[in-house]
Amino acid sequence: MGAKLALSEDILLTVEKPARYIGGEINMAIKDLSKIDIRFAMCFPDVYEVGMSHLGIQILYDMFNRREDTYCERVYSPWTDLDAIMRERHIPLFTLETQSPVKDFDFLGITLQYEMCYTNVLQVLDLAGIPLHAEDRTEDDPIVVGGGPCTYNPEPIAEFFDFFYIGEGETAYDEILDLYKANKKRGGTRKDFLRQVSHIQGMYVPSLYEVTYKEDGTIASFTPIADDVPAKVLKQVVTDLDACVYPEKQLLPFLKVVQDRVVLELQRGCTRGCRFCQAGMIYRPTRERSVGHLCDIARSLLDTTGQDEMNLSSLSSSDFSGLPELVYTMIDECRERHVSLSLPSLRIDSFAVDVMQKVQDVNRSSITFAPEAGTQRMRNVINKGLTEEDILSGASKAFAAGWNKVKLYFMLGLPTETETDVAGIAELGNAIAREYYAMPKELRHGKANVTISTSYFIAKPFTPFQWMPMISKDVFLTRQRLLKATVQEQRNAKSLVYHWHDAETSELEGIFARGDRRLSEFIEKAYRRGCIYDAWTEHFKYDIWKELMVELGVSVEFYNLRERPYDEILPWDHIDIGVKREFLYREYEKAKKEIVTPNCMKQCSGCGAAVFGCGICVKPRQKDGGEV
Amino acid sequence: MKARIGFAKFGNMRFLGHLDVMRYFQHAIARANLPIAYSAGFHPHMILSFAQPLALSVTSDGEYFDLELTEDMEATELRDRLDEAMCDGFAITDAHILPPQEPNTKKQTGMSQIAGAMYLCEETESCFGKLTAAVEAFAASKNATVTKPTKNGERDVDVRAGVHAIAIVNDDGTLRILADDGVFAMPASLTEGFGSERSKHAIHREDAARFVFAVSAGSENNISVELIGEALCNAAGIENGRSLAAHRMELYGCKDGAMVSLLTM
């Protein structure tokens, strides 16, 4: 019959999609609480359908539950309808598996995938009845730990966490949990535990560091409060992906979730070194799984879930060396099983067109390019190794194979961008449409459909652009209007569609991305005034944020619009991703000079990630005369 | 080969909507590795046909869907393999091989055959102690009109005519029949035979009054539990709300003027 539900029948029949709150999914871990020493609540601070789509949680959930002494359960942000009911009736936030209050757990782990979830983090803590500030927590409260990409600059939310796990989750949790158990057995306190945790590589305990500021608002010093606390926190890295745990039984939700498919992670990291891309730096070095291992995982995932779609996931699938072997093996197996295969982030070449013809419906699907910038000059600045020729020849191959829909992704506001670069976006779209109409009429299927989408460039920590200014919202809007007008002027304007992003969310995201500890008050006040689900356009309350910016003196100029000097202490400088600050700065200077850097497969540029001694860093390269 | 599968839906799974139940079974059939037939076209889908959606919060011991297989299988093997793929809250109760369709006849699916349903209902907390009298009055009445929302606004319907049999469940589980037009074969009790088999997964709160309703169902005249609940509220002068918690005991088709289980239609 399943666990006794935390919510009453009346509430469940009032809220939208009650299946969000009942648990009981296929492959859910069920354990006897009387035999458990450590209860770990794993949270994705967004609605169920978003949280359940995330592979990282699946991996950690499976890994924790392999430990006999640990029971990992899940918790997601209640949707706004239930949120209101829980506050009104004082219902504490509960986990899905045993439907028990989160406050009763030993740990609350929160994954931080995007900055706009920060108010949801506070929602989760608040509904759980856990003090928002780490310093106010007692021995009865769970240890609140954060992980995921936002922890590479966790400063804006540092006060709300007991510690952050920097890097890949598969490596150090056993040590952490063993430490926790031993500390508890000894009668040690929460403080004792956190102090010991800070000695493990990758663990950042914000309360053990002191920050002082200069008069201009920049950081004067950032220092550990004691000698045994490391001044630099080096991220955790999995050195051999084939040897590390992978969930062979992924949780299968009842509801249709955002990523309604099983996910096969081909590799981690990306060799391309695009200068705006944080993922391309923080996940270095690039490491691959073997094709044999991937095929085994794929079969087991499909057997244990019965899913009818599988996604081959990676930052840049085309760079995965075993891709043809894997894809051609899996295409046949998938066809027999009536499973469809999806391959995002594929560079469009002959192989890609062949694969896509086999796995997609040519009439319905579209092909996607992410040139990111409209002119070659701009692409050199961002080190996007994709030429206009690559794009046009890829598009014409796809057109010849029957496609007529193309999606293009760009960024506006990249460093050094001029009006020529903006207009170049429309011109590239036009050139693609021209390729289509250059085909003989009998080969065409109606009109070409080229969709241009632009987003607002956000400078991220640990990228060569971390010192760069962003453009202001007003300038951004001006460039959007310019692009819109230029699109309309194109010869093939009728085949072009332009989509754009709202600027307000991005402005705030920029503030959080490179923000410091002083922003915690800003986030907390926004939450207190009713901001949650900021990542959802319909719930984003810009007025409240704007009002608080004025009230608290949170300056867009300071966080987003100024160039940071090299000698400024950045809020994330105490975190060490292996890639050196000097390398990033070298890249920053090369960007200004429009000089490209070859990708790691061709040549090592000495970024520093070799310190981990694995992946691409230990493989022979073209330049060394080795095989690629 | 075509087969009809009987299943139960209960416990926390009563909060799964119909679309999610269909998805759930598609995944379960794939996990059970059944030789399921697929439709043609670029987006083939499993050939499955579900009998009748169950409203949220209603449990059931009488659900059905039809499937088509590309290879012949024993009914027991089909039932057991699928049952093994179930999670807590679903159970496969039966599998019945359907006779091949006779040439030149209209395709018969479980859905189009539905003519009746039997529900075990109990009063909700908000109506505690109030519903027995209402049920008695309802049973004694000739008609009971409620307003039913339709595609084009609202329509008044007579609920009473579609309710063929009404019974109150005594404390010992036996049934006190209040009305019965003979269309359905009513069980004698909920502790023996058909009654116990089909009330297995019903949720029962101590002391709540329980009733059995045998009603018309399907495309022609579908009487839902909500409509009965509304009629009872009207009769008892209770402010409208959810008055009945329901459990579906069985779905029926009509054969020679009599209601027979959908499984063997």
Side-chain angles (χ1 to χ4, degrees), chain A residues 1-28 30 49 96-97 99 249-257 260-262 299-309 334-340 359-365, chain B residues 8-47 55-59 70 82 84-91 122 124-126 200-203 205 226 241-242 244-246:
Chain A
M1 299 293 231
K4 183 172 182 328
L5 298 176
L7 300 173
S8 71
E9 185 122 2
D10 284 343
I11 293 176
L12 284 165
L13 290 177
T14 311
V15 297
E16 202 184 299
K17 301 192 190 174
R20 286 169 173 162
Y21 310 111
I22 62 174
E25 301 93 329
I26 300 293
N27 300 328
M28 181 182 92
I30 298 172
E49 295 94 308
L96 297 184
E97 277 73 3
Q99 302 270 314
K249 290 184 169 189
Q250 287 180 10
L251 282 154
L252 177 70
F254 297 115
L255 288 175
K256 193 168 171 55
V257 299
D260 185 24
R261 47 192 76 92
V262 290
R299 288 177 195 120
S300 136
L301 287 178
L302 294 173
D303 286 346
T304 55
T305 61
Q307 265 290 24
D308 58 4
E309 189 174 343
C334 285
R335 189 178 299 125
E336 269 167 43
R337 289 171 182 259
H338 287 92
V339 167
S340 60
V359 302
Q360 287 181 356
D361 182 350
V362 176
N363 295 320
R364 288 200 208 176
S365 63
Chain B
K9 182 190 181 206
F10 53 95
N12 295 345
M13 293 305 119
R14 70 187 186 281
F15 295 108
L16 280 200
H18 184 61
L19 286 176
D20 297 323
V21 170
M22 293 199 290
R23 275 166 48 83
Y24 166 80
F25 274 104
Q26 284 162 13
H27 291 141
I29 287 165
R31 286 195 302 276
N33 200 16
L34 297 179
I36 183 85
Y38 282 82
S39 66
F42 201 91
H43 292 286
H45 55 263
M46 289 182 182
I47 301 181
L56 274 193
S57 93
V58 179
T59 55
T70 55
L82 201 50
E84 227 168 89
M86 293 296 107
C87 66
D88 198 1
F90 284 102
E122 78 177 39
T124 58
E125 217 159 338
S126 55
K200 208 154 97 187
H201 292 109
I203 297 169
R205 281 180 309 115
E226 290 80 64
R242 205 174 69 97
L244 294 176

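Predicted model, so just to flag it, every value in this text is computed and none were measured. Residue numbers start from 1 in every chain, and the chains themselves are labelled A, B, ... in the order their sequence lines are given, proteins ahead of strands.
Rounded to the nearest 0.5 Å, atoms CD1 (A:Ile22) and CE (B:Met13) are 4.5 Å apart. Of the inter-residue distances, the one linking A:Glu9 atom CD with B:Arg242 atom CZ reads 4.5 Å to the nearest 0.5 angstrom. Within the model, atoms CD of A:Gln307 and CD of B:Gln26 stand 10.0 Å from one another, a figure rounded to the nearest 0.5 Å. One distance of note links CG of A:Asp308 with CE of B:Met46; it measures 7.5 Å at 0.5 Å rounding. A distance of 8.5 Å separates CG of B:Asn12 from CG of A:Leu12, quoted to the nearest 0.5 Å.
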Pairs of donor and acceptor atoms involving the side chains of residues 15-22 of chain B, under 3.5 Å and at least two apart or interchain, shall be tabulated with distances.
none

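Proximity to chain A (any heavy atom under 4.5 Å) is shown, for B:His45, by neither the backbone nor the side chain. There is no contact between A:Lys4 and chain B, counting heavy-atom distances below 4.5 Å. Residue A:Ser340 does not touch chain B at all, counting heavy-atom pairs closer than 4.5 Å. Only the side chain of A:Ile26 comes within contact range of chain B, with heavy atoms under 4.5 Å apart. When heavy atoms are compared at a cutoff of 4.5 Å, A:Leu252 approaches chain B solely by way of its side chain, counted from C-beta outward.
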Test side chain to side chain contact (heavy atoms under 4.5 Å, CB included) on B:Arg23 and A:Asp260 and set out the steps. CA-CA 11 Å; B:Arg23 275 166 48 83; A:Asp260 185 24; 2.9 Å; yes

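Minimum interatomic distance between A:Pro18 and B:Leu56 (heavy atoms only, all atoms of both residues): CG-CD1, 3.8 Å. When every heavy atom of A:Gly24 is checked against every heavy atom of B:Cys87, the shortest pair comes out as O-SG, 4.1 Å. For the residue pair B:Arg31 and A:Thr305, the shortest heavy atom distance occurs at NH1-O, 3.0 Å.
In terms of heavy-atom pairs under 4.5 Å with chain B, the best-connected choice from A:Leu255, A:Asp10, A:Asp303 is A:Leu255.
Using cut-offs of 30° and 60° for the angle between ring planes, the A:His338 and B:Tyr38 rings count as parallel.
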